[in-house]
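Residue numbers begin at 1 in each chain, while the letters A, B, ... track the order of the sequences. Computed from a predicted structure; not experimentally measured.
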Protein chains: 2
Amino acid sequence: MEAARNEARFNNAKYDAAWAIRFRPEPEAARTRPGAHHVRYAARHLVIDEGDAARAVYEVLDGGVILFKLLPDGRRQIIELLGVGDVFGLAVGPVADVAAEALTPVRLAVFEPAAVDADPALRDRLFARLRAQMCALHDHALLLGRKSAQERVATYLMRLVPGRGGLACIGAAPGNAEVRIELRMSRQEIADYLGLTIETVSRTFSALRRANLISYRKQDEVVVPNLCRLCRLTGAH
Amino acid sequence: MEAARNEARFNNAKYDAAWAIRFRPEPEAARTRPGAHHVRYAARHLVIDEGDAARAVYEVLDGGVILFKLLPDGRRQIIELLGVGDVFGLAVGPVADVAAEALTPVRLAVFEPAAVDADPALRDRLFARLRAQMCALHDHALLLGRKSAQERVATYLMRLVPGRGGLACIGAAPGNAEVRIELRMSRQEIADYLGLTIETVSRTFSALRRANLISYRKQDEVVVPNLCRLCRLTGAH
DNA sequence: AGAGCTATTTGATGCGGGTCAATCCGAAAT
DNA sequence: ATTTCGGATTGACCCGCATCAAATAGCTCT
């Protein structure tokens with residue numbers, strides 16, 4: 001079933017190629033972390049597999065990363081969506097508790113455990129970031145546990161509004177401005193992130209489009225004509 | 001063969017760290033935190049309300065605490081179950097992102113923001129704990145996003161097995177031993193934690209009892225005659 | 001023991017979203 | 001253009017869990 005689908009996806013080289021083309025790298029932000037290794041991976045590269053020995057802590061310098069967990073029968077849940085500045089690889093104990101995969105071409109800073117132990121300033125930075133990611137996880141638990149499919153998709157879109165932290169309808173900037181959103185994820189990934197099936201995600205997008213709450217030509221470039229109206233569907237306000 | 005696999009799982013420390021020994025009413029552990037203010041609250045006391053100014057970081061010294069979020073229409077999701085050693089109050093901005101309520105009578109250590117800023121050792125301790133809680137959240141996201149009602153309840157029970165970190169069916173101690181579990185939560189709280197309704201939780205408990213996987217007289221004292229059989233329903237193995 | 005709660009259990013019913021199965025569509029190759 | 005192939009969409013149907021409603025079990029207070 002879904003397991004088979006995932007399996008097929010993982011082993012398909014053409015898919016990787018298509019993906020790499022589709023998600024062009026962001027204009028090199030040229031960030032660096034003194035004293036850390038830097039590495040680059042192509043989109044879809046599996047950086048950490050669940051159960052791997054925990055050999056390093058990573059910080060995202062460019063691009064996007066997803067953390068996910070699998071059940072033995074193939075069900076997948078994408079746990080976190082990471083962007084620039086986010087960190088991962090911080091399991092407790094010697095084993096990774098989640099898998100990490102590049103969503104786009106990425107550049108990562110790699111910190112060895114010894115370096116983390118030796119550098120209090122680094123720990124503080126990781127700590128601060130972890131607090132932020134923890135809040136995002138809290139929000140996501142609310143979404144997964146209590147929101148309807150439409151609320152999940154609306155919340156997801158609001159989170160991706162560029163330059164805002166998921167509360168785009170609030171604050172100074174006009175909530176009735178038109179906004180363009182790049183999803184950067186396939187329907188399957190959105191589904192696995194939102195705890196839905198690909199069909200439900202697709203249907204929900206279609207319903208939102210029919211209601212003129214969103215529009216799109218390419219299926220990963222969504223235009224939201226009025227953020228306030230979309231925000232009202234998130235269940236949060 | 002089977003034994004070897006079990007052994008491997010047993011050594012997977014993430015679960016131990018994340019869930020071990022949470023949640024026992026420990027006869028007054030008499031822990032203290034030098035330099036911190038200590039407070040006591042009765043069960044049900046609201047320690048932090050969502051939206052409060054973030055005035056302190058807390059560590060649980062005794063008892064249990066729940067973190068939860070509400071939607072405007074009243075839907076509630078319990079985000080984390082905290083036990084001895086866990087920390088909360090670590091929002092990013094100046095405002096609490098979740099509410100915190102005493103599940104049992106609790107004793108808490110209170111750290112002022114200034115104290116946290118001034119004490120690197122404290123930050124390190126908070127950091128370490130946050131990593132553990134983060135792993136627990138990852139697990140819970142998987143549960144909320146992808147598990148069936150029966151799997152959720154079975155997972156919940158396995159997590160509460162005293163002295164083991166959620167993998168009680170494995171390891172040296174006999175998985176076929178009889179184990180007594182104190183839930184210490186109402187059906188409503190269990191439902192809000194597992195992303196279900198109270199009726200579904202109740203029905204699932206009844207079904208498990210009918211199948212002789214659990215038994216109970218008081219509805220918050222569950223006896224599991226055979227952990228292995230219950231563990232098989234969690235979806236995780 | 002009995003009254004009056006509230007929490008839990010059980011039953012009946014409906015719906016949201018999952019499952020299965022066809023298309024449809026767009027990018028790449030020919 | 002035409003073919004091809006994988007992803008997305010749409011449709012038909014079904015099932016697990018929510019919802020609504022009623023019965024029962026535990027509590028506390030007389």
Side-chain angles (χ1 to χ4, degrees), chain A residues 1-24 43-44 71 73-77 143-154 183-192 194-210 214-222 233 235, chain B residues 43-44 71 73-77 143-154 183-192 194-210 214-222 233 235:
Chain A
M1 30 167 271
E2 202 172 308
R5 259 184 240 159
N6 282 336
E7 194 53 35
R9 220 162 29 75
F10 280 130
N11 293 330
N12 191 314
K14 265 191 182 173
Y15 186 91
D16 288 346
W19 191 275
I21 289 160
R22 190 164 152 204
F23 298 90
R24 57 202 186 288
R44 315 282 319 159
L71 289 173
D73 63 4
R75 282 173 289 177
R76 181 172 80 152
Q77 179 64 44
L143 179 148
L144 292 173
R146 290 302 184 206
K147 290 193 179 180
S148 69
Q150 195 182 59
E151 288 169 337
R152 293 181 198 209
V153 171
L183 303 188
R184 307 182 317 158
M185 294 169 77
S186 69
R187 292 290 187 268
Q188 183 64 61
E189 285 163 335
I190 297 171
D192 286 347
L194 299 180
L196 300 169
T197 60
I198 185 174
E199 293 95 334
T200 298
V201 170
S202 185
R203 272 187 256 273
T204 306
F205 269 96
S206 298
L208 289 176
R209 184 153 63 165
R210 241 173 292 140
I214 62 173
S215 63
Y216 52 91
R217 287 261 158 77
K218 302 179 52 191
Q219 71 269 61
D220 71 334
E221 269 189 32
V222 173
L233 299 184
Chain B
R44 302 301 173 138
L71 290 173
D73 63 4
R75 283 173 287 177
R76 181 173 78 152
Q77 179 64 44
L143 178 147
L144 292 174
R146 290 301 185 206
K147 290 193 180 181
S148 70
Q150 195 181 61
E151 290 169 336
R152 292 180 199 209
V153 171
L183 304 188
R184 302 159 79 235
M185 293 169 78
S186 70
R187 291 290 186 270
Q188 183 64 61
E189 285 164 333
I190 297 171
D192 286 347
L194 299 180
L196 300 169
T197 60
I198 185 175
E199 293 95 333
T200 298
V201 170
S202 184
R203 271 187 254 273
T204 306
F205 270 94
S206 298
L208 289 177
R209 183 154 64 167
R210 240 174 285 126
I214 62 173
S215 63
Y216 53 92
R217 286 264 158 75
K218 301 179 52 189
Q219 71 269 55
D220 70 336
E221 268 188 32
V222 173
L233 299 184

> Which residues pass the side-chain hydrogen bond (donor to acceptor under 3.5 Å, both in side chains) test with A:Thr204, sequence neighbours left out?
Replying inline: none

>> For B:Arg75 versus A:Arg146, what's the shortest heavy-atom pair and its separation?
In response: NH1-O, 2.9 Å

>> If I take atom CD in residue B:Glu221 and atom P in nucleotide C:dT8, what distance separates them, rounded to the nearest angstrom?
In response: 15 Å

>> Rounding to an integer number of Å, can you tell me how far B:Arg152 CZ sits from D:dG16 P?
In response: 14 Å

> Once you round it to whole Å, what is the distance between C1' of D:dA8 and CZ of A:Arg217?
Replying inline: 17 Å

> So do B:Lys147 and A:Leu71 actually touch side chain to side chain, heavy atoms under 4.5 Å?
Replying inline: yes

> By side-chain hydrogen bond (donor to acceptor under 3.5 Å, both in side chains), which residues pair with B:Arg76, not counting sequence neighbours?
Replying inline: B:Asp192

> Roughly how many Å is it from CZ in A:Arg146 to P in D:dC17, rounded to a whole number?
Replying inline: 13 Å

> Is any side-chain heavy atom of A:Leu233 closer than 4.5 Å to a side-chain heavy atom of A:Leu208?
Replying inline: yes

>> Without decimals, in angstroms, what is the distance between A:Ile214 CD1 and D:dA8 C1'?
In response: 14 Å

> To the nearest Å, how far apart are B:Leu183 CG and C:dA7 P?
Replying inline: 16 Å

>> Can you measure A:Asp220 atom CG to D:dG6 atom P for me and round it to whole angstrom units?
In response: 19 Å

Nucleotides 9-11 of chain C: which of its N/O atoms have a protein N/O under 3.5 Å away?
| residue | atom | partner | partner atom | Å |
| --- | --- | --- | --- | --- |
| C:dT9 | OP1 | B:Arg187 | NH2 | 3.0 |
| C:dT9 | OP1 | B:Tyr216 | OH | 3.3 |
| C:dT9 | OP2 | B:Arg187 | NE | 2.7 |
| C:dT9 | OP2 | B:Ser202 | OG | 2.8 |
| C:dT9 | O5' | B:Ser202 | OG | 3.0 |
| C:dT10 | OP2 | B:Ser206 | OG | 2.4 |
| C:dG11 | N7 | B:Arg203 | NH1 | 2.8 |
| C:dG11 | O6 | B:Arg203 | NH2 | 3.1 |

>> With a cut-off of less than 4.0 Å, is there a side-chain N or O of B:Thr197 near OP1 or OP2 of D:dC17?
In response: no

> Over how many whole Å does the gap from A:Ile190 atom CD1 to D:dA8 atom P extend?
Replying inline: 8 Å

>> Quick check: closest heavy atoms across B:Gln77 and B:Leu194, and the distance to 0.1 Å?
In response: NE2-N, 4.5 Å

